[in-house]
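Structure record follows, encoded as structure tokens.
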Amino acid sequence: MTSVKLPDGSLKEFDKRVTVKDVAKSIGSRLAKDAVWGEIDLQPVELDFEIPAGEPVNLRIITKKDPTALETMRHSCAHVMARAVMRVKKDVQLAFGPAIDGGFYYDIESPEPLTEDDFPAIEKEMEKIIELDEPFERVVRPRVDAIQVCKDLNQEFKVEHIETGLVEDETLSFYQQGEFVDLCRGPHIPSPKRIGAFKLLSIAGAYWKGDQTKQQLQRLYATAFFTQKDLDAHLEMLEESKKRDHRVLGKRLGLFHIDEMVGQGLILWTPKGAFIRQKLQEFISEHLTRQGYDQVFTPHIGKLDLYKTSGHFPYYQDSQYPALVDRDQLSKLADEGCTCGQLANMMKDGEIEGYLLKPMNCPHHIKVFSSEQRSYRDLPIRLAEFGTVYRWEQSGEIGGLTRVRGFTQDDAHLFVTQEQLQEELIGCIELVKIVFAAMGMEDYSVRVGLRDSDSSKYVGDPENWDLAENACREAAATLGKPFSEDPGEAAFYGPKIDFVVNDCLGRKWQLGTVQVDYNLPGRFGLEYIGADNKPHVPIMIHRAPFGSMERFIGVLIEHFGGCFPLWLNPEQGRILTVSDKSEEYGRSVENQMRAAGLRIKADYRSEKLGAKIRDGQLDLVPYMMIVGPRDAENGTVSVRDRAKGDLGAMPVEEAIAKFQQEVEQKI
RNA sequence: GCCGGCGUAGCUCAGUUGGCAGAGCAGCUGUUUUGUAAACAGCAGGUCGUGGGUUCAAGUCCCUCCGCCGGCUCCA
């Protein structure tokens, strides 16, 4: 008698010896067809494995549709890679080697560092190991033995991990494949032959246990698929993605420039990029008006006192540009031989004043709020500004438009009563939804950032934090979309709802954000007079639907692959003359279209039409209007769509109407 | 900030063991008069990121700094 226990807890019994495949068949023909391997008591087995008779065994049938199948295979491939590395290099220490989106990695420490030149040798070793076809055997050992095993293997990271990370576990599992033994939870594939195709990708630094204060290891990135075809498709997809990179397109299309002499992370918006940014600001402004916001302007600097009150200085000093010192005081201090360190201390202690390049707009907006006496009848007050801020991001973090040192937030601060909070939060979320919908960006995730109970970086009393965190949860729930809750992701003054998207390389970026703040108003002593004729402290909402113009446009360039919709495109159409003979007609069409409010350029060079079309396509111009003798005669233009190709000849008026409609509909 | 890789013409890149700095595209000047993804010819264009060192000789080897790329850490 053979009996198996399935993951749902049900028991199946057979009066003869059966294989894993037989069990799958007995459950359903579909399952039997999709099954790739089985797992008995966490040990991977092939489909033709005969299940031992007697006591019931825990059986899990893995199907090719199961996302964990690929994950399991990749993790097994990580073992094979680590084994190969240990054959190529001496005294290698292993850390962690998990599967990740798109592949897997293994963190290792080698006295003789690995370089990409070692890849061919490692890949060759991996092929040999796969060819040997040794199974991954699960071995379970009691805690004390496990530590000794790792010590005997000279695997210090594994010893440390058992002693500090796996303190609860009484027994620990290892997987052995030939001479290679690795502490590992599993599961694994039944045979290394299941690794269809793999490729080492890159090598990078990574801190042990993700801790900056700990040792830095080498992280070996690789990927694996069940078939060579899937791997090739994946690699090709990566290549294609690189062409969408906003840094590549930004250069090719002339959208922005970053100049070494200006400074890292400081964006120069060239005319075409500036135009897009301007259009987006107009788009937001329109919605600000509809939602009852007032726009303000505030300066780029403010006194240190402002940021001492807000709490930004000196606690966030490391992520700010150094403060500017009052010039009279500076020369006096210089005469006295004051050192930089002393200067910094004097600013911290308030002995001397200075100015800070603003790292945020909120303190300025708070001062706009408090510039007048406020009544509950005035609330909510919604102050908006495209406010430019400067932050001293670490040099290694800066890149393109997505992580910069100077950026403009489509910022606003709402001052509300407790009763208004929920509705206003929902209004803010609504605006973020409008923005994403208008751009056709449906692929975003929502994250509610909460405080981390272990950290001391937060200001304000816990009761208010609880109120604010609940308000965020409830507002996020109105999205009708799943959201995650992330402790430690809150701002120092309050929790937040973030909207996160992926870039072309799969990296995550926070764009829109809505934050609840019970703290800053109190720090600044803000108040309004309530219906009870008594002063009350307002609650603040910080929000930015784009996040920052820079990051948003960076992501937007990749989202559209440079093919901006007509309403957003700096160049909506280009007139292409078939030959010099049509220039005069071309100019008249150009003028007519310009007069209709369209952004038109023209190519009157004496090149062949094919060459002009090629240039237009490479510039991703939405519409090309080809004009030749035939068109001049009929008063038409031959319209070419950058995506659909030749649309045929149409009267100039018709083309204008078509474009205007498209602009109107923002498609 | 840390680990690793890379900086050659406006752009994309080549440059052998150290031995006179190259190509394609773009640009300019001509010729060509073209109907849906590259006409032809000529010309011009470089302190080989910066500063130092080794050498008879450095784009090439070594060091410093700056910047870029991948990743880690960070991101009020």
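Letters go in sequence order (proteins before strands), and every chain restarts at 1. Owing to the predicted nature of the structure, the values given are computational and were not obtained by experimental measurement.
B:rC68 sits 23 Å from B:rA26 when the C1' atoms are compared, rounded to a whole Å. B:rG53 sits 33 Å from B:rC13 when the P atoms are compared, rounded to a whole Å. For the C1' atom pair drawn from B:rG1 and B:rG46, the interatomic distance equals 35 Å after rounding to whole Å. Look at the C1' atom in both B:rC48 and B:rU33: the space between them is 42 Å, to the nearest Å. Comparing the P positions of B:rC40 and B:rG4 gives an interatomic distance of 48 Å, to the nearest angstrom. Across B:rA38 and B:rC25, the matching P atoms stand 14 Å from one another, rounded to whole Å. Going from the C1' atom of B:rC72 to that of B:rC63 covers 27 Å, rounded to whole Å. As rounded to the nearest Å, B:rU36 and B:rU31 have P atoms that lie 26 Å from one another.
Here A:Arg640 does not reach the OP1 or OP2 of B:rG35: none of its side-chain N or O atoms lies under 4.0 Å away. Between A:Lys581 and B:rU34 there is a side-chain N or O to OP1 or OP2 distance below 4.0 Å. Proximity of A:Arg507 to the phosphate of B:rG71: a side-chain N or O atom is located under 4.0 Å from OP1 or OP2.
Nucleotides of RNA chain B nearest to A:Arg642 and A:Tyr316 differ in position, and the one nearer the 5' end is that of A:Arg642. With RNA chain B read from its 5' end, the first of the two nearest nucleotides for A:Ala206 and A:Glu393 is the one closest to A:Ala206.
Going from atom CG of A:Asp619 over to atom C1' of B:rA37 covers 12 Å, rounded to whole Å. With rounding to whole Å, A:Ile398 atom CD1 is found 10 Å from B:rC69 atom P. Distance A:Asp603 CG to B:rU36 P: 16 Å, rounded to the nearest Å. If you take CD1 of A:Ile108 and P of B:rG4, they are 13 Å apart, rounded to a whole angstrom. If you measure from atom CG of A:Asp641 to atom C1' of B:rA37, you get 15 Å, rounded to the nearest angstrom. Rounded to an integer number of Å, the gap from A:Ile626 CD1 to B:rU33 P is 21 Å. For the pair A:Arg605 CZ and B:rA37 C1', the computed distance is 13 Å after rounding to whole Å. Straight-line distance from the CD atom of A:Glu607 to the P atom of B:rA37: 15 Å, rounded to whole Å.
Nucleic acid contact for A:Asp211: none, since no nucleic acid atom lies under 4.0 Å from a heavy atom of the residue. Among the protein residues, A:Gly210 comes within range of the sugar-phosphate backbone only, with heavy atoms under 4.0 Å from sugar or phosphate atoms but none that close to a base. Using a 4.0 Å heavy-atom criterion, one finds that A:Gly628 contacts the bases of the nucleic acid, with or without backbone contacts as well. Nucleic acid contact for A:Tyr105: none, since no nucleic acid atom lies under 4.0 Å from a heavy atom of the residue. Within the nucleic acid shown, A:Arg247 comes within 4.0 Å of sugar-phosphate atoms alone, with no base atom in reach, counting heavy atoms only. Residue contacts shown for A:Pro629 include a base, since a base heavy atom lies under 4.0 Å away. When heavy atoms are screened at a 4.0 angstrom cut-off, A:Ser319 is found touching base atoms of the nucleic acid. Among the heavy atoms of the strands, none lies under 4.0 Å from A:Thr213. Among the heavy atoms of the strands lying under 4.0 Å from A:Leu505 are primed sugar atoms or P, OP1, OP2 only; no base atom is included. Residue A:Tyr221 is in sugar-phosphate contact alone, with no base atom involved, counting any heavy-atom pair closer than 4.0 Å across all strands shown.
When each of B:rC68, B:rU33, B:rA76 is scored by its nearest atom to the side-chain atoms of A:Ser579, the top-ranked nucleotide is B:rU33. For A:Asp646, the side-chain atoms get nearest to B:rU36 when compared with the rest of B:rU34, B:rU36, B:rC75. Closest to the side chain of A:Gln216, out of B:rG71, B:rA76, B:rA38, is B:rG71. Considering only the side chain of A:Val578, B:rG35 comes nearest among B:rA37, B:rC75, B:rG35. Listed candidates were B:rU34, B:rU36, B:rG67. Nearest to the side chain of A:Glu260 is B:rG67. In this structure, the nucleotide among B:rC75, B:rA76, B:rU31 sitting nearest to the side chain of A:Ser606 is B:rU31. For A:Gln320, whose side chain is taken as the heavy atoms from C-beta onward, the closest listed nucleotide among B:rA76, B:rA37, B:rU36 is B:rA76. The nucleotide whose nearest atom lies closest to any side-chain atom of A:Ala611 is, among B:rC74, B:rC68, B:rA39, B:rA39. The side chain of A:Ile203 lies closest to B:rG4, out of B:rG4, B:rU36, B:rA76. Distance from the side chain of A:Ser202 is smallest for B:rG70 among the nucleotides B:rU33, B:rC11, B:rG70.
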- [ ] Would you check, one step at a time, whether the test ring-ring contact (aromatic ring centres under 6.0 Å, His included) holds for A:Phe415 with A:Phe369?
- [x] CA-CA 8 Å; A:Phe415 300 85; A:Phe369 176 86; 4.4 Å; yes
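Using modelled atom types, one finds a donor on one side chain and an acceptor on the other under 3.5 Å when comparing A:Thr298 with A:Lys358. With no hydrogens or angles considered, a side-chain donor-acceptor pair links A:His542 and A:Asp517 at under 3.5 Å. Between the side chains of A:Arg640 and A:Gln617, at least one donor N or O sits under 3.5 Å from an acceptor N or O.
Nucleotide B:rC25 forms a pair with B:rG10, judged by Watson-Crick or G-U wobble geometry with both contacts under 3.5 Å. Base pairing analysis places B:rU16 opposite nothing; no Watson-Crick or G-U wobble pair with both distances below 3.5 Å involves it. When Watson-Crick and G-U wobble pairs are counted only if both distances are under 3.5 Å, B:rG30 pairs with B:rC40.
Crowding of A:Phe483 atom CZ: a count of heavy atoms from other residues, nucleotides or ligands under 6.0 Å exceeding 12. Heavy-atom neighbours of A:Glu112 CD from other residues, nucleotides or ligands within 6.0 Å: at or below the threshold of 12. With a 6.0 Å radius and a threshold of 12 heavy atoms from other residues, nucleotides or ligands, A:Lys199 has its NZ atom at or below the threshold.
For B:rG1, its base sits under 3.5 Å from the side chain of A:Tyr207 at one donor and acceptor pair at least. With hydrogens and angles ignored, a donor-acceptor pair under 3.5 angstrom links the side chain of A:Arg403 to the base of B:rC75.
We find that A:Asp107 and A:Lys209 are not joined by a salt bridge, their nearest charged nitrogen and carboxylate oxygen being 4.0 Å or further apart.
Counting all heavy atoms, side chain and backbone alike, A:Ala476 lies closest to A:Ile429 at N-CD1, 4.1 Å.
B:rA76 has no base stacking with the ring of A:Phe492 when judged by centroids under 5.5 angstrom apart and an interplanar angle below 30°.
A cation-pi arrangement is present between A:Arg219 and A:Tyr105, with the terminal nitrogen or guanidinium carbon under 6.0 Å from the aromatic centre and inside a 45° cone about the axis.
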